[in-house]
Amino acid sequence: MAFASLPNGVGLINLGQSHLHKELNECFNVKCLRFSTSKKRMTRDRPSSSIVVRAVAPNSDIDFSDPDWKQRYQEEFEKRFSLPHLRDVFDLTPIPTTFFLKNRGSQVVEDASSTEEKKYGYVNDDDRALLRVIKFSSPTSAGAECIDPNCSWVEQWVHRAGPRQQIYFEPGKVKAGILTCGGLCPGLNDVIRQIVLTLEIYGVKNVVGIPYGYRGFFDKGLHEVPLSRQVVQNINLSGGSLLGVSRGNGEVSDIVDSIQARRIDMLFILGGNGTHAGANAIHEECRKRKLKICIVGVPKTIDNDILLMDKTFGFDTAVEEAQRAINSAYIEAHSAYHGIGLVKLMGRNSGFIAMHATLSSGQIDVCLIPEVPFKLDGPYGLLKHLEHLIENKDRL
Ligand SMILES: Nc1ncnc2c1ncn2[C@@H]1O[C@H](COP(=O)(O)OP(=O)(O)O)[C@@H](O)[C@H]1O
Ligand SMILES: O=P(O)(O)OC[C@H]1O[C@](O)(COP(=O)(O)O)[C@@H](O)[C@@H]1O
């Protein structure tokens with residue numbers, strides 16, 4: 001994770017993943033990309049062979065007749081994903097990191113020369129991860145994601161996470177805050193725990209939990225909770241959030257007043273869309289007030305529908321839990337005459353949970369996901385296929 005070395009601003013912690021349908025949400029300065037599919041996608045009349053050709057940034061009108069559109073597109077992408085740094089606003093002197101590489105493996109030695117030893121070095125600020133690795137040559141290629149009818153490939157790079165050689169906060173003087181907001185998601189306690197432990201590796205001693213999300217900043221009856229290795233050691237063994245969650249607004253200026261009064265230098269905010277819209281508003285207000293405060297967003301969604309993440313936390317648990325529903329439906333359907341089991345899984349507008357649960361179960365004949373249109377009727381429709389399955393598989 002890169003948080004303590006991110007000199008500031010709002011940052012994502014994980015990188016790398018490319019997908020079909022995307023929608024830009026105004027969360028962070030770095031905006032986060034989520035999937036969006038047409039709500040009408042699963043209708044009878046939609047042609048099953050419809051091709052998805054969609055611009056990644058729906059709000060920007062790309063003029064494909066402009067010979068420089070690719071370059072413009074790339075520049076815009078880079079601008080969108082350039083993380084804001086405190087050093088862009090303040091005149092800051094970096095200090096050598098206090099993060100010890102030896103925590104990452106015993107092979108590390110100062111001034112290492114062999115490749116094996118160097119492998120565990122710091123992440124360079126200019127390191128980037130490539131977002132799109134496949135060049136589709138046609139919109140009809142399996143799984144094609146195209147931004148124009150010619151399926152042009154455009155470079156898209158995002159920042160690489162990891163510990164940097166230089167940092168901008170003196171860990172001994174830092175006060176860090178953590179909060180969880182919005183709905184619950186499996187893994188919140190694991191993330192809280194790991195933030196505390198990693199801050200400790202950096203040498204940060206003053207870490208506090210803000211109870212019940214943003215509410216903890218403006219509800220006078222709520223008090224911050226000191227966090228340490230001892231406090232968080234076993235919290236990953238229980239569900240929910242050690243800090244509690246809440247929904248309910250509050251004035252951004254009151255929240256920032258409170259952050260300022262508590263002398264918090266970095267705030268880790270775990271939450272979904274709404275929480276990150278709030279994080280962005282807090283970040284903007286901090287910038288307006290010229291406060292040297294680092295706001296770090298940790299995206300929470302069980303659906304795994306964020307473009308920049310390899311995998312969002314909670315997703316594996318959802319896939320694992322889905323197995324139980326699938327197994328029960330399978331046994332029921334297998335025993336019934338002409339039985340068909342239908343399992344509806346969560347995922348909002350993305351099919352990751354359904355697709356991964358299907359692949360790991362091995363008992364599913366048909367997996368329908370929002371990203372892939374289908375027809376119910378007709379010779380190639382779903383119903384015809386189900387008839388075929390009943391005829392051929394319905395044996396005791
Ligand atoms: N646009 C916004 N600006 C500022 N704060 C917001 C905004 N949207 C939501 N919030 C705050 O974030 C909290 C959590 O958002 P919510 O949408 O309920 O959950 P999630 O973060 O899981 O999407 C809200 O209760 C509210 O306090
Ligand atoms: O009850 P709602 O508001 O429709 O939300 C249901 C959605 O929330 C989720 O359970 C979780 O979504 P997030 O992780 O994005 O908050 C989705 O899987 C599901 O489709």
Side-chain angles (χ1 to χ4, degrees), residues 10 12 14 17 19 21-29 31-39 41-42 177-188 190-192 210-219 222 239-241 243-259 267-288 295-309 311-322 325 343-357 368-371:
V10 185
L12 279 172
N14 225 331
Q17 176 165 305
H19 294 295
H21 313 290
K22 304 159 190 86
E23 167 189 277
L24 272 174
N25 288 325
E26 289 280 334
C27 43
F28 321 119
N29 286 351
K31 295 165 185 165
C32 86
L33 280 85
R34 275 180 159 243
F35 290 88
S36 86
T37 52
S38 159
K39 291 216 161 91
R41 196 156 286 269
M42 288 203 203
I178 307 175
L179 66 83
T180 54
C181 208
L184 281 180
C185 175
L188 279 171
D190 297 70
V191 178
I192 295 170
I210 307 298
Y212 299 102
Y214 293 134
R215 178 170 288 279
F217 282 125
F218 55 82
D219 188 323
L222 298 173
S241 165
L243 303 174
V245 291
S246 75
R247 289 199 157 102
N249 289 311
E251 291 299 319
V252 170
S253 60
D254 291 345
I255 293 174
V256 177
D257 285 349
S258 179
I259 294 173
L267 180 62
F268 296 87
I269 297 178
L270 285 59
N273 285 25
T275 302
H276 279 91
N280 194 43
I282 292 169
H283 164 69
E284 293 296 344
E285 182 63 21
C286 288
R287 268 197 131 167
K288 211 167 84 191
I295 306 293
V296 182
V298 185
K300 164 221 67 129
T301 168
I302 203 169
D303 300 333
N304 199 34
D305 57 350
I306 297 185
L307 171 78
L308 302 173
M309 321 292 283
K311 201 189 280 179
T312 54
F313 66 85
F315 172 68
D316 279 339
T317 308
V319 170
E320 209 174 295
E321 287 297 313
V343 179
K344 183 186 172 199
L345 293 175
M346 60 210 290
R348 215 182 286 279
N349 296 325
S350 62
F352 290 100
I353 295 179
M355 192 179 71
H356 282 252
L368 304 171
I369 56 173
E371 290 88 344

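Atoms within each ligand, like the ligands themselves, are counted from 1 in listed order.
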Any N or O of M346 closer than 3.5 Å to N or O of ligand 2: no
With side chains defined as the heavy atoms from C-beta onward, is the minimum distance between I192 and S241 less than 4.5 Å? yes
Shortest protein contact, atom 19 (O) of ligand 1 (heavy atom only): G182 CA, 3.4 Å
If you apply the rule side chain to side chain contact (heavy atoms under 4.5 Å, CB included), what do you find for I269 with Y214, and how did you get there? CA-CA 9 Å; I269 297 178; Y214 293 134; 3.5 Å; yes
Out of all atoms in ligand 1, which are within 4.0 Å of some heavy atom of R247? Include the element for each. 16 (P), 18 (O), 19 (O), 22 (O), 25 (O)
Per-atom contacts of ligand 1 with Y214, taking only distances under 4.0 Å to non-hydrogen atoms: 11 (C), 12 (O), 27 (O)
Using heavy atoms and a 4.0 Å limit, tell me yes or no: is G272 in contact with ligand 2? no
Answer yes or no: are there more than 12 heavy-atom neighbours, outside Y212 itself, under 6.0 Å from its atom OH? no
On a heavy-atom basis, the closest approach of S246 and C181 is O-SG, 3.6 Å
Answer yes when E285 and K288 have at least one side-chain N-carboxylate O distance shorter than 4.0 Å, and no when they do not. yes
Judged by heavy atoms only, the candidate from G250, G274, G213, G183 nearest atom 7 (C) of ligand 1 is G274
Can you sort out which atoms of ligand 1 are near K300, meaning under 4.0 Å from one of its heavy atoms? 22 (O)
A student comparing A277, C185, S246 should find that the heavy atom closest to atom 2 (C) of ligand 1 comes from A277
Is it the side chain, the backbone, both or neither of H276 that has a heavy atom closer than 4.0 Å to ligand 1? neither
By side chain to side chain donor-acceptor pair (under 3.5 Å), D190 pairs with (sequence neighbours left out) none
In the structure I gave you, are the side-chain heavy atoms of I353 and N304 within less than 4.5 Å of one another anywhere? no
Please lay out, stage by stage, how V256 and F217 fare under the test side chain to side chain contact (heavy atoms under 4.5 Å, CB included). CA-CA 8 Å; V256 177; F217 282 125; over 6 Å; no
Identify, for atom 13 (C) of ligand 1, the protein heavy atom at the shortest distance, and state residue, atom and that distance. C181 SG, 3.8 Å
Who pairs with F315 by ring pair (Phe, Tyr, Trp, His ring centres under 6.0 Å), at least two apart in sequence or on another chain? H356
Could you identify the single nearest non-hydrogen protein atom to atom 24 (C) of ligand 1 and state the distance to 0.1 Å? G248 N, 4.1 Å
What residue and atom, counting heavy atoms only, is the protein's closest point to atom 26 (C) of ligand 1, and at what distance? N249 OD1, 3.3 Å
Starting from atom 5 (N) of ligand 1, find the nearest protein heavy-atom neighbour and note its residue, name and distance. G278 CA, 3.3 Å
Show which atoms of ligand 2 fall inside a sub-4.0 Å distance from at least one heavy-atom site of T301. 13 (P), 14 (O), 15 (O)
Specify the protein heavy atom at minimum distance from atom 21 (O) of ligand 1: its residue, its atom name, and the distance to 0.1 Å. T275 OG1, 2.5 Å
Only one of L267, V296, L270 clears side chain to side chain contact (heavy atoms under 4.5 Å, CB included) with I178; which? L270
For ligand 1, which atoms sit closer than 4.0 Å to a heavy atom of G272? 20 (P), 21 (O), 22 (O), 23 (O)
